[in-house]
Enquirer: 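Take this structure first; my questions come after.
By convention here, the first residue in the shown sequence is residue 1.
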Amino acid sequence: MKLSKSSLIASITLVAAFFPLMAQASFIGDSATLTYNNFAFNTPVVFSSPSTVGNNVEFSGQGTDVFGQIWNMMGDVFDDGIKLSWTESTRNGNGNISAGNGRFGFDLSFASSVVPLLSLSSYTTTYPTTSSSLDNITSTGPNSVHFGFNGLYSGDTYIFSGEVPEPATLALFGFGLFGFAVSRRKASNNKNA
């Protein structure tokens with residue numbers, strides 16, 4: 001079986017897209033925005049946004065819930081993920097608040113980075129006998145993601161990570177798919193002629 005020129009190019013491009021580079025880009029240097037949504041806070045948590053992703057904590061804010069508990073929240077974006085953490089400061093760090101599924105939410109978006117499928121890498125808490133309060137991680141667009149929680153427990157830390165696709169690799173892969181489709185169509189036309 002002889003390969004046509006376009007089939008050969010498509011095959012080489014697809015192999016090049018997958019083989020050497022499961023290349024990983026980075027969120028570093030991109031502009032990011034983090035917002036926090038919570039019905040149970042009298043004073044909302046406000047992060048200064050947007051922030052350029054670098055080697056320091058990008059987002060920190062403070063809010064007061066309906067019980068008068070003061071919460072300090074942080075978001076630290078790194079190469080391929082984010083760490084969300086919070087502490088309650090009015091009850092000697094023993095504060096907590098819970099509600100229905102997804103009632104406490106963080107929304108992270110980037111100016112240009114494509115957000116990969118993120119998953120929970122690790123979770124820690126200092127609150128006794130508390131399991132994870134994470135409800136969902138939902139893509140809200142190519143450059144944004146939502147993290148939903150059903151409760152906040154002082155000392156919680158969540159780390160989410162995933163591979164950030166390299167833009168050049170995605171372009172190469174797209175070019176390969178296009179070439180492959182053209183070669184298949186050409187082969188189909190030749191058979192019917």
Enquirer: How far apart are the C-alpha atoms of Ile137 and Val145, what are their side-chain angles, what is the distance that settles it, and do they pass the side chain to side chain contact (heavy atoms under 4.5 Å, CB included) test?
Expert: CA-CA 7 Å; Ile137 306 168; Val145 63; 3.8 Å; yes
Enquirer: From Phe110 CZ over to Ser144 OG, what is the distance, rounded to the nearest 0.5 angstrom?
Expert: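 Output value for this atom pair is 10.0 Å.
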Enquirer: Partners of Thr52 by side-chain contact (heavy atoms from CB on, under 4.5 Å), sequence neighbours excluded?
Expert: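 Here no residue qualifies.
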Enquirer: Mind checking whether Thr87 and Ser154 have side chains closer than 4.5 Å, heavy atoms only?
Expert: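 Thr87 reaches Ser154 side chain to side chain.
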Enquirer: Which pairs would a plain distance check flag for residues 27-36, meaning a side-chain donor or acceptor within less than 3.5 Å of a matching protein atom at least two apart in sequence or in another chain?
Expert:
{"residue": "Asp30", "atom": "OD1", "partner": "Ser112", "partner atom": "N", "Å": "3.4"}
{"residue": "Asp30", "atom": "OD1", "partner": "Ser112", "partner atom": "OG", "Å": "3.4"}
{"residue": "Asp30", "atom": "OD2", "partner": "Ser112", "partner atom": "N", "Å": "3.2"}
{"residue": "Asp30", "atom": "OD2", "partner": "Ser112", "partner atom": "OG", "Å": "3.4"}
{"residue": "Asp30", "atom": "OD2", "partner": "Ser113", "partner atom": "N", "Å": "2.7"}
{"residue": "Asp30", "atom": "OD2", "partner": "Ser113", "partner atom": "OG", "Å": "2.7"}
{"residue": "Tyr36", "atom": "OH", "partner": "Asn38", "partner atom": "ND2", "Å": "2.6"}

Enquirer: The criterion is side-chain hydrogen bond (donor to acceptor under 3.5 Å, both in side chains); which residues satisfy it with Asn136, sequence neighbours excluded?
Expert: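 Listed in chain order: Thr138.
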Enquirer: Considering residues, nucleotides and ligands other than Asn42, do more than 12 of their heavy atoms fall under 6.0 Å from its CG?
Expert: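 Counting other residues, nucleotides and ligands, CG of Asn42 exceeds 12 neighbours.
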Enquirer: Would you check if Gln62 and Val45 make a side-chain contact, meaning some heavy-atom pair closer than 4.5 Å?
Expert: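 Side chain of Gln62 against side chain of Val45, heavy atoms only: no contact under 4.5 Å found.
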Enquirer: If I take atom OG1 from residue Thr90 and atom CD1 from residue Ile70, how far apart are they, to the nearest 0.5 angstrom?
Expert: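 Between Thr90 OG1 and Ile70 CD1, I get 5.5 Å after rounding to 0.5 Å.
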Enquirer: Check the hydrophobic clustering (I, L, V, M, F, W, Y; side-chain heavy atoms under 4.5 Å; chains of links allowed) and say if Met74 and Leu120 are grouped together.
Expert: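 The answer is no; the residues belong to distinct hydrophobic clusters.
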Enquirer: How about Trp86 and Phe104: are their ring centres within less than 6.0 Å of each other?
Expert: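 No, too far apart.
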Enquirer: Given side chains that start at C-beta, do those of Asn143 and Ser109 come closer than 4.5 Å, heavy atoms only?
Expert: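 The answer is no; the side chains never approach within 4.5 Å.
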Enquirer: Going by heavy atoms in the side chains, are Asn96 and Leu152 under 4.5 Å from each other?
Expert: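 No, every pair of side-chain atoms sits at 4.5 Å or beyond.
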Enquirer: Compute whether any side-chain donor of one residue and acceptor of the other, for Thr125 and Asp156, lie under 3.5 angstrom apart.
Expert: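 Judged by distance alone, the side chains do pair up.
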Enquirer: With side chains defined as the heavy atoms from C-beta onward, is the minimum distance between Arg103 and Phe39 less than 4.5 Å?
Expert: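 Counting from C-beta outward, Arg103 and Phe39 do come under 4.5 Å.
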Enquirer: List the residues meeting side-chain hydrogen bond (donor to acceptor under 3.5 Å, both in side chains) with Ser161, not counting sequence neighbours, and say none if there are none.
Expert: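 Here the qualifying residues are Ser121.
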Enquirer: Would you say that Ser51 contacts Val53 through its side chain, given a criterion of any heavy-atom pair below 4.5 Å between the two side chains?
Expert: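 Counting from C-beta outward, Ser51 and Val53 never come under 4.5 Å.
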Enquirer: How would you list, by chain and number, every residue that makes a side-chain contact (heavy atoms from CB on, under 4.5 Å) with Asp65, sequence neighbours excluded?
Expert: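 For Asp65 the side-chain contact (heavy atoms from CB on, under 4.5 Å) partners, ignoring immediate neighbours, are Phe41, Phe67, Gln69, Trp71, Ile97.
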Enquirer: Is there a side-chain contact between Ile82 and Leu108 (heavy atoms, below 4.5 Å)?
Expert: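 SC-SC contact between Ile82 and Leu108 confirmed.
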Enquirer: So Asp76 and Glu58, side chain to side chain contact (heavy atoms under 4.5 Å, CB included) or not? Walk me through it.
Expert: CA-CA 5 Å; Asp76 184 14; Glu58 286 79 22; 3.1 Å; yes
Enquirer: Kindly indicate, with the supporting measurements, whether the criterion side chain to side chain contact (heavy atoms under 4.5 Å, CB included) is fulfilled by Ser26 and Phe78.
Expert: CA-CA 8 Å; Ser26 170; Phe78 46 94; over 6 Å; no
Enquirer: Dump the intermediate steps for side chain to side chain contact (heavy atoms under 4.5 Å, CB included) on Phe59 and Phe106, then the final yes or no.
Expert: CA-CA 12 Å; Phe59 305 101; Phe106 293 86; over 6 Å; no
Enquirer: Residues in ring pair (Phe, Tyr, Trp, His ring centres under 6.0 Å) with Phe147, at least two apart?
Expert: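 Ring pair (Phe, Tyr, Trp, His ring centres under 6.0 Å) list for Phe147, sorted by chain: Phe160.
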Enquirer: If you define the side chain from C-beta out and look only at heavy atoms, does anything of Ser89 sit under 4.5 Å from Asn72?
Expert: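 Yes, at least one pair of side-chain atoms sits under 4.5 Å.
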Enquirer: Look at the side chain of Tyr158 and the backbone N and O of Ser133, then say whether any donor-acceptor pair between them is shorter than 3.5 Å.
Expert: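 Answer holds: yes.
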